[in-house]
Enquirer: 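Before we start, here is the structure in question, set down as structure tokens.
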Amino acid sequence: MAKPKQFVALMISFVLLTAISCELSALKDQVRVGVILDLNSKVGRIAERWISKSHTDFYALYPHYRTRLALLFRNSTNDVVVAASQAVDLIKNEQVHAIIGPQRSAQAKFVINLGEKAEIPIISFSATSPFLSPTETPFFIRTTHDDSFQVRAVADIVKAYGWKEVIPIYEDTDYGNGLIPYLNDAFQAYNIRVPYRCVISLNSRGREIQNKLQTLKQRNGTTIFVVHMTASLGSKLFTQANKAGMMSEGYAWIVTEGLSSLMDPIDHKVMDPSMQGVLGLRSYIPKSKKTISKGGSINGLNQFGLWAYDTVWAVAMAVEKASAGIANPSFLKPNTSKTSVDLASLGKSEMGHKLVHILLNTKFEGLSGKFHLFKGQLEPSVFEIFNVIGETERIIGYWTQKEGLFPDLNNHNSKAMNELLKKPIWPGNTVEQPRKLRIGVPVREGFTEFIKVEFTNNPSKPHKFSGYSIEVFMAVLQVLEFPLPYKFIPYEENGKSKGSYNDLLYQIVEQKFDAVVGDTTIVANRSTFVDFTLPYSESGVSMVVLVKEDEKKNFWIFLKPFSWDLWLTTGLAFIFTGLVVWVLEHRVNTDFRGPRDHQIGTIFWFSFSTLVFAHRERVVNNWSRFVLIIWVFVVLILTQSYTASLTSMLTVQRFKPRFADVKEIHGHDYFVGYQKDSFVKELLTKQLNFDESKLKPYSTEEEYHQALSNGTVAAIFDEIPYIKLFLGKANNCSKYMMIGPTYRTDGFGFAFPQGSPLVSNISRAILNVTQNDHFSDIENKTIGGKAKCEGQGATLSSDRLSVYSFAGLFIITGAASMSSLLIYTVSFVYSQWPLLNDIHPETSTSFWSKIIYLMKNFDKKDLSAHPFNRRESRIHPAPTSPEGIELSPDINNMHNHSRIANEEAENVDRDEDEIHSPVHDDISMEAPNTSST
């Protein structure tokens with residue numbers, strides 16, 4: 001009996017407790033909160049389910065709270081007008097104190113204005129358009145972050161893979177349009193080009209989307225796409241892209257957070273195979289310690305569901321704090337009209353301002369992470385990057401604003417350049433990164449040191465590319481800040497070059513190649529349709545000609561040091577100097593007297609003997625000595641210069657071109673050669689005015705050698721790197737030489753499409769390579785050892801010494817001789833002038849008779865001159881004393897007198913020979929007899 005009684009007592013107690021609990025629950029303050037969702041969409045239905053779960057979980061954890069949210073759900077049916085109408089109904093008729101939603105940004109734009117008028121917070125967990133700003137509308141609170149936070153992460157992904165052109169594809173809504181300005185700015189900061197933008201209407205059908213995709217495909221330039229749209233439109237896009245063949249190898253797709261966060265609701269039929277290889281990013285959701293109500297699982301829950309869940313918690317906590325001190329919070333409603341849609345009749349929430357303030361300062365640990373609003377919205381800390389593989393996804397990396405990209409969340413402090421992200425599986429089920437740069441490479445027959453293409457018969461084996469240009473390009477790739485996938489494609493037809501270099505470069509314009517790597521010269525006309533990088537080689541066009549035969553075998557090489565004009569000038573200077581000295585010395589120096597033939601010989605002998613300083617004649621006239629000092633100095637310089645020049649000719653290896661310049665070739669109408677398919681042909685015809693019929697194309701070094709050696713062409717014009725390589729082969733340095741002038745070009749460069757952002761990156765890398773020591777190793781490995789030809793230059797100078805080299809010396813010695821001769825002549829005429837009037841004073845003499853008289857006197861000895869006075873004093877007796885007694889000289893004076901007397905006796909004998917000569921007949925009659933003692 002006791003047990004039934006106890007059971008009945010327990011039942012009665014349970015009933016009483018339940019009744020008391022229900023009564024207490026009824027006594028809690030009910031705060032109405034509206035929820036506007038698009039319940040026709042999968043996202044809306046998921047959000048509704050998780051909002052209800054959040055409501056249940058919160059009050060199960062906090063049953064003691066005095067307030068309780070009363071959630072009023074409304075369906076916007078994906079219509080802006082309906083969403084606004086539902087908001088008016090909730091505010092006016094239901095008197096809600098807050099509205100969660102609406103789901104889309106376009107709807108939120110109108111509802112926010114209503115909330116501001118009614119002073120109630122509009123709290124959205126899914127309206128992510130940057131056009132909606134919580135800082136400008138204080139009653140708008142976003143419990144997620146706006147889309148602009150992800151643009152840097154998207155740009156970093158594009159940069160990490162080295163892509164320089166991207167096409168955004170987005171929907172034509174506020175949500176889609178709001179991100180594009182921020183995305184363009186992020187791309188521009190990394191020098192990433194956006195050549196085209198594709199906008200798709202939200203209501204577009206499959207055929208319309210297909211047409212837009214075909215337009216993108218036909219552009220054949222950019223195959224990297226960034227997709228920013230909602231799930232419903234995104235599923236259509238990728239289905240049509242798969243049909244268009246744009247989900248194959250060579251394409252890359254990146255989806256933004258809006259579509260990435262909604263991957264789970266998308267059908268598996270869409271994810272496989274339509275989205276295979278797609279990259280996406282979304283906010284990283286850390287594992288939460290929170291538990292949710294029965295039947296709920298965090299696994300498989302998308303981000304919008306998590307944000308919706310945390311939003312309800314935040315509103316419930318804020319309402320509890322805001323209602324403190326407000327008994328039964330009411331809605332102040334003016335009685336202006338009874339019409340349910342009259343906006344003027346909207347009331348104002350009594351707790352709206354306080355509720356907004358508390359929400360902005362609410363902090364807790366939610367399912368989506370830390371809930372903390374900054375400037376009215378959440379601020380993400382980490383994005384995760386995933387790769388769609390089959391029906392699943394694989395996380396390949398993470399991104400933070402501080403660290404950028406890194407492959408592992410737990411260890412991202414040490415990351416290599418090539419380990420920013422784990423290797424994904426790309427569209428087409430390949431690990432080869434899209435998009436490989438299609439690089440055109442010229443095919444050469446000769447000069448393969450610059451570019452060499454080795455073809456393989458096996459299609460499975462790639463062709464082999466080598467040479468100077470290839471080595472430089474590979475070195476450039478190593479110093480680039482990002483990886484640059486590429487594929488070399490030879491520009492060939494049946495193993496031969498398919499066209500000229502201009503034709504090859506024009507393939508870039510036709511979008512058959514993305515770049516050209518080779519020995520392509522930067523010239524003005526090519527820069528009108530492609531962009532070149534900075535040059536990586538020396539520049540200029542010159543010509544190579546045959547070398548003249550060795551002049552050492554020439555019999556007359558001793559005449560080569562001086563030019564003919566210098567030889568003639570030097571000879572005349574010798575004769576003139578000898579003649580001047582003879583004139584100055586003739587009347588006072590017996591060495592310059594005698595028969596006519598003897599005097600003529602003396603003139604030539606004396607002047608030319610100064611070459612070796614072997615002249616024995618003494619000069620006694622001071623003016624002669626002055627002339628001779630200057631002349632000996634000139635002779636010394638001439639002989640030393642001649643010796644040095646002749647020694648150089650006989651000992652130093654010298655090369656003389658057969659043709660000195662272009663004018664000489666033009667004047668003889670010779671043929672000239674050029675490199676086949678080169679721009680040099682245009683330079684010859686347009687700049688140097690060669691007739692095209694006089695031009696002959698050649699391809700190899702052997703053809704150059706044959707054409708020059710057999711005289712087919714007088715010269716071959718080519719760029720300096722090729723000429724140096726040609727001269728460095730097979731002892732060509734001794735057979736040919738390069739001569740100027742040099743026609744300027746800008747050297748070799750890599751070509752890209754006009755406006756390509758790769759040009760600046762590659763140019764900076766070229767500077768780093770060319771200024772590095774490794775660059776000289778590349779040159780030595782490919783062309784350096786073969787292109788050195790010592791002793792030759794681009795310009796030539798004459799080895800002969802010309803009269804202009806010694807013009808100053810000749811002027812000095814000529815001036816000295818002429819001035820001395822003039823002074824002597826004036827002095828002689830002045831001294832003889834009085835004698836002219838004493839000849840026949842009674843008769844007037846003619847001018848010519850006076851000249852003859854002066855010439856006769858000039859031919860006589862000047863007995864008053866110092867040399868003759870000294871001689872007479874030495875051969876006459878010594879003077880006696882007044883008493884007639886001769887002075888006795890001392891012993892030394894006697895010996896000196898005897899020696900001088902002997903010398904003077906010899907001179908007297910020589911003078912007597914001169915007196916009896918025919919030239920001196922008149923002198924013998926007038927001169928006193930000095931021989932008698």
Side-chain angles (χ1 to χ4, degrees), residues 444-447 449-450 500-501 519-525 535 537-549 653-748 783 786-799:
R444 300 190 57 91
E445 295 182 32
F447 299 100
E449 289 82 359
F450 290 97
S500 67
Y501 276 66
D519 49 348
T520 49
T521 305
I522 305 171
V523 291
N525 64 328
S537 72
E538 60 181 324
S539 60
V541 173
S542 191
M543 68 177 180
V544 59
V545 297
L546 273 172
V547 173
K548 286 185 178 180
E549 295 183 0
Q653 181 72 17
R654 292 183 176 272
F655 299 97
K656 296 281 187 174
R658 181 163 294 183
F659 302 99
D661 52 31
V662 179
K663 293 181 179 179
E664 185 177 356
I665 298 175
H666 258 307
H668 292 83
D669 204 22
Y670 290 127
F671 285 93
V672 295
Y674 67 95
Q675 188 175 161
K676 185 180 179 182
D677 297 331
S678 172
F679 77 96
V680 177
K681 180 180 179 180
E682 298 178 1
L683 183 144
L684 293 173
T685 56
K686 296 180 180 179
Q687 185 173 343
L688 300 183
N689 300 319
F690 276 97
D691 190 273
E692 192 169 348
S693 61
K694 294 296 181 181
L695 306 182
K696 292 184 177 293
Y698 300 103
S699 300
T700 65
E701 300 94 317
E702 290 75 15
E703 293 179 354
Y704 279 24
H705 170 68
Q706 292 177 3
L708 288 170
S709 60
N710 59 25
T712 304
V713 294
I716 291 180
F717 288 82
D718 207 343
E719 296 173 78
I720 291 176
Y722 300 116
I723 293 179
K724 287 187 174 181
L725 188 63
F726 169 70
L727 294 177
K729 286 187 175 182
N731 297 322
N732 284 344
C733 277
S734 60
K735 302 175 183 177
Y736 312 101
M737 70 180 305
M738 178 175 63
I739 63 172
T742 298
Y743 304 96
R744 181 171 176 78
T745 62
D746 286 336
F748 297 156
I783 63 172
K786 302 175 182 178
K788 292 181 179 179
C789 195
E790 301 295 338
Q792 290 192 9
T795 60
L796 294 172
S797 61
S798 176
D799 293 324

Enquirer: Within this structure, what is the OG1-CZ distance for the pair T520 and F450, rounded to the nearest 0.5 Å?
Expert: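 Here the interatomic distance stands at 12.5 Å.
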Enquirer: Within this structure, what is the CD1-NZ distance for the pair I716 and K696, rounded to the nearest 0.5 Å?
Expert: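 Reported to 0.5 Å precision, the distance equals 11.5 Å.
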Enquirer: Report the distance from atom CG of D746 to atom CD of E538, rounding to the nearest 0.5 Å.
Expert: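 Nearest 0.5 Å value for the CG-CD distance: 13.5 Å.
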Enquirer: Work out which heavy atom in A715 is nearest to a heavy atom in I665; give both atom names and the distance.
Expert: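 It is CB-CD1, 3.6 Å.
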Enquirer: Against Y722, only a single residue in Y674, F717, F748 fulfils ring-ring contact (aromatic ring centres under 6.0 Å, His included); can you say which?
Expert: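 The passing option is F748.
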Enquirer: Could you tell me whether a side-chain N or O of S542 sits under 3.5 Å from a main-chain N or O of I739, the two making a donor and an acceptor?
Expert: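 Side chain of S542 to backbone of I739, a donor-acceptor pair under 3.5 Å: yes, one is there.
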Enquirer: Which pair of heavy atoms, one from D691 and one from L695, lies closest together, and at what distance?
Expert: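 Minimum heavy-atom separation between D691 and L695: O-CG, 3.7 Å.
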Enquirer: Does a side-chain heavy-atom distance below 4.5 Å link V713 with L708?
Expert: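 Yes, at least one pair of side-chain atoms sits under 4.5 Å.
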Enquirer: Answer yes or no: is there a side-chain heavy-atom contact under 4.5 Å between V544 and D718?
Expert: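 Sidechains of D718 and V544: no contact.
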Enquirer: Can you give me the closest heavy-atom contact between S693 and F671, atom names plus distance?
Expert: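 Answer, listing the atom of S693 first, then F671: O-CE2, 3.3 Å.
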Enquirer: Report the distance from atom NE2 of H666 to atom CG of N689, rounding to the nearest 0.5 Å.
Expert: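 The NE2 atom of H666 sits 6.0 Å away from the CG atom of N689.
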Enquirer: For the residue pair V523 and E682, establish whether any side-chain heavy-atom pair is separated by less than 4.5 Å.
Expert: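 Counting from C-beta outward, V523 and E682 never come under 4.5 Å.
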Enquirer: For Y704 and F726, take the angle between the two ring planes, folded into 0 to 90°, and tell me which bin it lands in: parallel under 30, tilted 30 to 60, perpendicular over 60.
Expert: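 Because their plane-to-plane angle is over 60°, the rings of Y704 and F726 count as perpendicular.
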Enquirer: Just wondering, do L688 and Y743 contact through their side chains at under 4.5 Å, heavy atoms?
Expert: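 In contact.
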Enquirer: Could you tell me whether a side-chain N or O of Y698 sits under 3.5 Å from a main-chain N or O of H705, the two making a donor and an acceptor?
Expert: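 Between the backbone of H705 and the side chain of Y698 there is no qualifying donor-acceptor contact (under 3.5 Å).
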Enquirer: Is there side-chain contact between K694 and D669, with heavy atoms separated by less than 4.5 Å?
Expert: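 SC-SC contact between K694 and D669 confirmed.
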Enquirer: Using the ring of each side chain (for Trp, its six-membered ring), is H668 parallel, tilted or perpendicular to Y670, with breaks at 30° and 60°?
Expert: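 Rings of H668 and Y670: parallel, under 30°.
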Enquirer: How about I720 and M738: do any of their side-chain heavy atoms sit closer than 4.5 Å?
Expert: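 Touching, per the 4.5 Å side-chain cut-off.
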Enquirer: Flag the pair L546 / Y736 as yes when at least one side-chain heavy-atom distance between them is below 4.5 Å, and no otherwise.
Expert: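 Counting from C-beta outward, L546 and Y736 do come under 4.5 Å.
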Enquirer: Please name the pair of heavy atoms, one in G747 and one in S539, separated by the smallest distance, quoted to 0.1 Å.
Expert: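 In this case the closest contact between G747 and S539 is N-CB, 3.2 Å.
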Enquirer: What I'd like to find out is whether the side chain of V662 reaches to under 4.5 Å of the side chain of M543, using heavy atoms alone.
Expert: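 When only atoms from C-beta onward are counted, M543 and V662 do touch, with a gap below 4.5 Å.
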Enquirer: Can E703 and K676 be counted as an ion pair, charged N to O under 4.0 angstrom?
Expert: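 K676 and E703: not salt-bridged.
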Enquirer: To the nearest 0.5 Å, what is the distance between CD (E692) and CG (L684)?
Expert: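 Rounded to the nearest 0.5 Å, the CD-CG separation comes to 10.5 Å.
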Enquirer: Determine whether the side chains of E719 and T745 contain a donor N or O and an acceptor N or O closer than 3.5 Å.
Expert: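 No, no side-chain donor-acceptor pair sits under 3.5 Å.
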Enquirer: Rounded to the nearest 0.5 Å, what separates atom CZ in R444 from atom CD in E449?
Expert: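 Between atom CZ of R444 and atom CD of E449 there are 9.5 Å.
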